[in-house]
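Written below as structure tokens is the structure these notes are about.
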Amino acid sequence: MKFSEMNQDSWAELQLYLDTCLVPFTAMNGKQSPVQATEALERLRDFIDMVEIPFKGRIMTYPAYHYTSTEMSMTLNTLSSELKASGFKYVVIMSADGSFLNMEIPHADLLLSQRDLVHEMGSEAIAGYVGECIRDLWKK
């Protein structure tokens with residue numbers, strides 16, 4: 001479910017079930033042309049669909065964080081902490097093009113980078129792996 005589909009009454013009613021916040025991270029640096037930016041957003045959308053579609057009803061997708069910076073670890077960590085303070089039990093950050101290698105984001109419960117996963121396991125196995133990671137998160 002997307003944040004924009006929620007109103008105050010439905011949030012109060014569904015908050016117990018929507019315990020996981022998904023933060024899309026586009027990881028653009030500002031050098032992308034409009035065409036490249038569109039392609040990056042489409043890749044991110046397709047990657048996020050691996051979680052949004054099968055786990056609809058338990059995950060709330062928040063607005064994307066589009067640009068990367070030198071302080072990205074601290075920014076995403078602070079965002080994760082604030083989202084948890086607002087009532088989410090879990091925070092998942094997903095990026096199609098960005099990498100979380102060498103990033104420390106302890107307040108996020110799960111970091112999923114399609115780019116990193118393609119290097120580790122190939123693109124065919126990613127959807128199953130991502131689903132398994134989400135289910136494992138909820139078992140903790």
Could you go step by step and tell me if Lys89 and Asp109 meet the salt bridge (charged side-chain N to carboxylate O under 4.0 Å, His left out) rule?
CA-CA 9 Å; Lys89 185 173 180 179; Asp109 297 288; over 6 Å; no
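- When side chains are defined from C-beta on, Trp138 counts as touching Asp19, because their heavy atoms get closer than 4.5 Å.
- Within the 4.5 Å cutoff, no side-chain heavy atoms of Leu44 are placed close to those of Asp97.
- Looking at Arg58 and Tyr90, their side chains come closer than 4.5 Å, going by heavy atoms from C-beta outward.
- Between Phe100 and Leu76 the shortest side-chain heavy-atom distance falls below 4.5 Å.
- For the pair Leu79/Phe25, no side-chain contact is recorded, criterion being any heavy-atom separation below 4.5 Å from C-beta on.
- Annotation: side chain of Val91 is in contact with side chain of Ile93 (closest heavy-atom distance under 4.5 Å).
- The backbone N or O of Gly98 lies less than 3.5 Å from a partner atom in the side chain of Ser113, making a donor-acceptor pair.
- Between the Asn77 side chain and the His107 main chain, a donor and an acceptor come within less than 3.5 Å of each other.
- Val51 is not listed as a side-chain neighbour of Val92, based on a closest heavy-atom distance of 4.5 Å or more.
- In this structure, a donor-acceptor pair under 3.5 Å is absent between the side chains of Thr68 and Asn29.
- Using bins of under 30°, 30° to 60° and over 60° for the plane-to-plane angle, the ring pair Phe88/Tyr62 lands in the perpendicular bin.
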